[in-house]
2 protein chains.
Amino acid sequence: MERKKTFTSYDVARLAGVSQSAVSRCYKSGASVSKKTRDKVEKAAKKLGYQPNALARSLITARSNSVAVIISNLTNLYYPEVLAQLSQYFSEKGMRVLLFAVDTESQVDGVLGQVLQYQVDGVIAAVKLTLEQIKKFEDRETPLIFYNRHINSHAASAVCCDQADGATVLTQKLIDFGHKKFAYISGPEDSMVGIERQKATLTTLEKSDISDYTIWNGDFSYDGATNATCKLMNEAKQKPDAIICANDVSAIGVIDTLRYEYNIKVPEDISVVGFDGVGPATWASFNLTTIRQPVKRMTKAAVEMMLERIDTPSLANEKRVFSGIFIEGNSAKI
Amino acid sequence: MERKKTFTSYDVARLAGVSQSAVSRCYKSGASVSKKTRDKVEKAAKKLGYQPNALARSLITARSNSVAVIISNLTNLYYPEVLAQLSQYFSEKGMRVLLFAVDTESQVDGVLGQVLQYQVDGVIAAVKLTLEQIKKFEDRETPLIFYNRHINSHAASAVCCDQADGATVLTQKLIDFGHKKFAYISGPEDSMVGIERQKATLTTLEKSDISDYTIWNGDFSYDGATNATCKLMNEAKQKPDAIICANDVSAIGVIDTLRYEYNIKVPEDISVVGFDGVGPATWASFNLTTIRQPVKRMTKAAVEMMLERIDTPSLANEKRVFSGIFIEGNSAKI
DNA sequence: GAGAAAAATGACTTCGGATGCAAAAATTCT
DNA sequence: AGAATTTTTGCATCCGAAGTCATTTTTCTC
C-alpha cells in the first residue's frame, strides 16, 4: 500500500520558485501575497492539478469543516428529505457532511467513538443520546444539536417540530367535527416523537371528555400500521370513526388496509389523519389530512445554529421549536 | 478560535508513564505491546477519554477510511435506500461515508474539488462525470465506482442494474398478453438510466412490429407523471391500453391520475408498469407490476469492489451488472 | 546461568499545510 | 536620495499519530 502520488504544497512551491509558506498563503483568504507570487503559484498549481490536503489543514487549524449527521432510520421516508436539506445547506456554507446512518438506536454508542475520532466540528443527532454521551461532546466543546429529539435537561441545543401542538390541533379538529370514537396507531415505544404525539392526542381527547379510544401498536411503518389496523378491525368491539396515526406512512398503511382489506371508505366511513407531511401524503390516492413539518426551515435553523456555535463555542444552548402546518387533505372529515 | 482541549497520545503516554509510540501501538492491531503496557495505556486513555485523532492518523497513513458518495437527487425515493445501504455496509467495514448531495448535476464540478481535498479513499458516483473529471481520480489513483451510470469507455468501474434487460422483460410481457397500443412516460432527458430504459422499451415494441406508441415527457417524479398523463389523455388520438413508465414514482403518478382525474380503472382499462421496486410500489393502493433493482446486492457489490480497489489500486476496472427482478403486482394485465 | 533469539520499548522522523516571526523587498514620505 | 513605513517573503515550528530503527528487556535453549 504505497503512498499515492499526489502533489503537495512543496511541489507547487518548487515549480513556482517560491516558498511553501507562499503557496499556503495563496489558499488562505486575507493573507498577504503579492499578485506576482499569486500568479506564479496559481499557474504551478494548475499545472500539477494541486489540491490542498484538507486533513493536513484540519490538523493544524483544528477545524475539519465537517459535521456529523447521525440518523437512525433512513428508510423512514421523512429523514431523506431532512438529510438532503442539511447536506445542501451545509454545503453552501463550505461544510461537509459525514453521514452516520444507524439501523437501530442501539448502534449509536459504537458510532459515537467514530464521530469523535473524525474531529467533526459539530454533530447533528436525529437519535436519542444518553446524558453521558452528551457529556462527551460537551467535554470536547463540540456543538451538538438534536433534531426532533428533546432532551429534558438543557444539556444540548435542539431544533424540533412542536409535536404536541400539531397533534392537539389535529385531534381538536376531529373532535370539533363531531367524531366520537377514536383509535390511535402508535409509533415505536422508544420514539420520543411518537410518545409526544400520542400523549398530546390522548390529553386532547380527555379534555373533551372522550374516553372512547383504543391504542394500537404500529411502528411508524406501512406494514406496522397494516397489522395494527387488522387487529383493530378484528378485535375492537366497535369501529372507530376516526383513526389518528403517529405518522403519515402509518396513516397511509391504515387507509390502504381499510380500503382494500375491509372495504371501508376513507373519509366517508372513517377519518384518518397522519403527521409529517411527507411526499406521498399529497398523492391523490391518499391526499392526507396531516401536520406538515417545516423541514426546510427546521434544517436551515439547525445549520445556522451549528455555524454559530462552531464560531462561538461558549454560546448558550438553545431550542428552536417550529409549529407544524395543518394540511387539510381529504382523508378526514373535519 | 482557540484550540479545543482534547487529549493527545502524548497526554496518555505521560499519564501512563510510557512513550507516545507505545500508546500509538496500542491502537494498532498486530503491534507488539506487552500486556502490562497495554493495561497502563488503556487505563490512562479511559481516564482521559482519549480518542485517537483520525485526521492525524490519516495524514501519516495516507488512508482516510472514508469514501465520498455523490448523489444527485436525494428526494428521488430510490436513492435514500441506496445511501442507507452503502452507509451501512461501509460502516461495517470500518469506513465512513462523506456525503455529497447535489441538487442538479451541474453542481458536480464544484463538488469534485472538495472530494479530492478530503483525501477520500474512494468515490461512489451516482451522477454523471465527464471523462476529464474521471481522469482526475485516475491520476490520483482514487478508485471510482459508478452506481447505475455507465461510462462508454472503460475508464471506471461500475455497478448497474440491467436497465435494458428489465425494460425488455416488462415490455415483452405486456406484448405477449396482447396489449397493442402503448404509451411511454419518459424520464429526464439527461438521465442515462432513463434513456436506456426507454430505448430498450421502444426496441422491444418495434421488434414485435408495434409502432402504435406515443412518448410523453415525465421526469421521474409524481408531478411530472401527472402532467404527462393529462397531456396524454387530452391530446392522444386514442387511449393506450398499456402505459410503461420510466420509474415507479412515475407509474404511481400515472395510476393516480388515471383513477382520480379520468376515472379509468387500472389495470382493467389500462395497464401500468414501473421500474425500480421502491417501497411505495408495494403499497396496496398501487401494487405495482415492476422491475425491482436488487439494491442490497448492488450496494454490497459496490462496497466490495471499492474495498478491493482501495487495497489494490492497480486492479482493472470492472463492471457488475445485475438483473432486475420481475415483480408481478396488480397494476397490469400480464 | 550464559548465550541466543524474540519481544518490547522509546527517541526521532515523517505526513502536508498553517502560522509567528524576523528579514527582505517594495512603497511612501521627507 | 535617504529614512520610515508598509508589504512580502521564507525559515522554522507546530498539529497528533504512525513508523523506523537501535536499544533494552524478556523469553527460551542447552
Side-chain angles (χ1 to χ4, degrees), chain A residues 1-41 44-45 48-65 113-114 116-121 140, chain B residues 1-42 44-45 48-65 113 116-121 140:
Chain A
M1 189 185 67
E2 77 290 2
R3 186 159 276 275
K4 283 183 198 166
K5 41 170 187 181
T6 84
F7 293 105
T8 73
S9 56
Y10 286 95
D11 299 318
V12 177
R14 197 176 321 121
L15 183 60
V18 299
S19 74
Q20 181 267 329
S21 322
V23 177
S24 172
R25 278 192 274 262
C26 286
Y27 287 85
K28 198 202 166 188
S29 61
S32 150
V33 196
S34 72
K35 181 155 185 322
K36 216 167 70 184
T37 334
R38 169 157 274 138
D39 287 348
K40 282 194 285 185
V41 169
L48 298 180
Y50 168 73
Q51 293 278 48
N53 183 323
L55 302 181
R57 170 181 290 167
S58 298
L59 185 57
I60 185 81
T61 59
R63 278 267 263 140
S64 65
N65 294 309
Q114 303 288 347
L116 291 173
Q117 294 191 6
Y118 272 83
Q119 314 294 117
V120 292
D121 294 337
R140 294 202 157 211
Chain B
M1 189 185 67
E2 77 290 3
R3 187 158 278 276
K4 284 182 197 166
K5 41 171 188 183
T6 84
F7 293 106
T8 73
S9 56
Y10 286 95
D11 299 318
V12 177
R14 196 175 322 120
L15 183 60
V18 299
S19 73
Q20 180 268 329
S21 315
V23 177
S24 172
R25 276 192 279 263
C26 286
Y27 286 85
K28 199 202 163 182
S29 63
S32 147
V33 197
S34 72
K35 180 151 185 326
K36 215 167 72 185
T37 325
R38 167 157 276 135
D39 287 347
K40 281 193 287 185
V41 168
E42 275 172 5
L48 298 180
Y50 168 72
Q51 292 279 47
N53 182 323
L55 302 182
R57 171 181 289 168
S58 298
L59 186 58
I60 185 81
T61 60
R63 280 266 262 140
S64 66
N65 294 309
L116 291 173
Q117 294 192 6
Y118 272 84
Q119 314 296 116
V120 292
D121 294 337
R140 292 202 157 210

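Chain letters run A, B, ... following the sequence lines, proteins first, then strands; residues in each count from 1. Please read all numbers here as calculations on a predicted model, not as lab measurements.
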What residue among B:Val41, B:Thr37, B:Val33 forms side chain to side chain contact (heavy atoms under 4.5 Å, CB included) with B:Arg25?
B:Val33

To the nearest angstrom, the CZ-C1' distance between B:Arg25 and C:dA11 comes to 11 Å

Side chain of B:Gln20, base of C:dA11: donor and acceptor closer than 3.5 Å?
no

The side chain of B:Ser21 lies closest to which of these nucleotides: D:dA12, D:dG16, C:dA11?
C:dA11

Nearest-angstrom distance from the residue atom CZ of A:Phe7 to C1' of C:dG16:
15 Å

Phosphate contact (D:dA17 OP1 or OP2) by B:Ser9 side-chain N/O below 4.0 Å
yes

How close or far is atom P of D:dA17 from atom CG of B:Asp11, stated in whole angstroms?
9 Å

Looking at A:Asp39 and A:Lys36, does any basic side-chain N land under 4.0 Å from a carboxylate oxygen?
no

Return the value, rounded to whole Å, for the distance between atom CG of B:Leu48 and atom C1' of D:dG16.
15 Å

With a 4.0 Å limit, can you tell me whether A:Thr8 has a side-chain N or O closer than that to the phosphate oxygens OP1/OP2 of C:dG16?
no

How many Å lie between NZ on B:Lys40 and P on C:dT9, as a whole number?
8 Å

Given A:Asn53, A:Leu59, A:Thr61, A:Leu55, the one that forms side chain to side chain contact (heavy atoms under 4.5 Å, CB included) with A:Arg57:
A:Thr61

Taking only side-chain nitrogens and oxygens of B:Ser34, does any of them come within less than 4.0 Å of OP1 or OP2 of C:dT9?
yes

In terms of the nearest nucleotide of DNA chain C, which residue is placed more toward the 5' end: B:Arg38 or B:Ala56?
B:Arg38

With heavy atoms under 4.0 Å as the rule, sort A:Val33 into base, sugar-phosphate or nothing.
sugar-phosphate

I need the NZ-P distance between B:Lys35 and D:dT26, as an integer number of Å.
16 Å

Can you see if the side chain of B:Ser24 gets near the phosphate of D:dA18 - specifically, an N or O under 4.0 Å from OP1 or OP2?
yes

Look at the side chain of A:Ser58 against the base of C:dG17 and say whether a donor-acceptor pair falls under 3.5 Å; ignore hydrogens and angles.
no

Under 4.0 Å between a side-chain N/O of A:Tyr50 and OP1 or OP2 of C:dG17, yes or no?
yes

In whole Å, I'd like the distance from the CZ atom of A:Arg57 to the C1' atom of D:dG16.
18 Å

B:Asp39 atom CG is separated from C:dA8 atom P, nearest whole Å, by 13 Å

Using only side-chain N and O atoms of A:Thr37, determine if any of them is under 4.0 Å from OP1 or OP2 of D:dT9.
yes

Looking for any heavy atom pair under 4.0 Å, which part of the strands does A:Val18 touch: base, sugar-phosphate only, or nothing?
sugar-phosphate

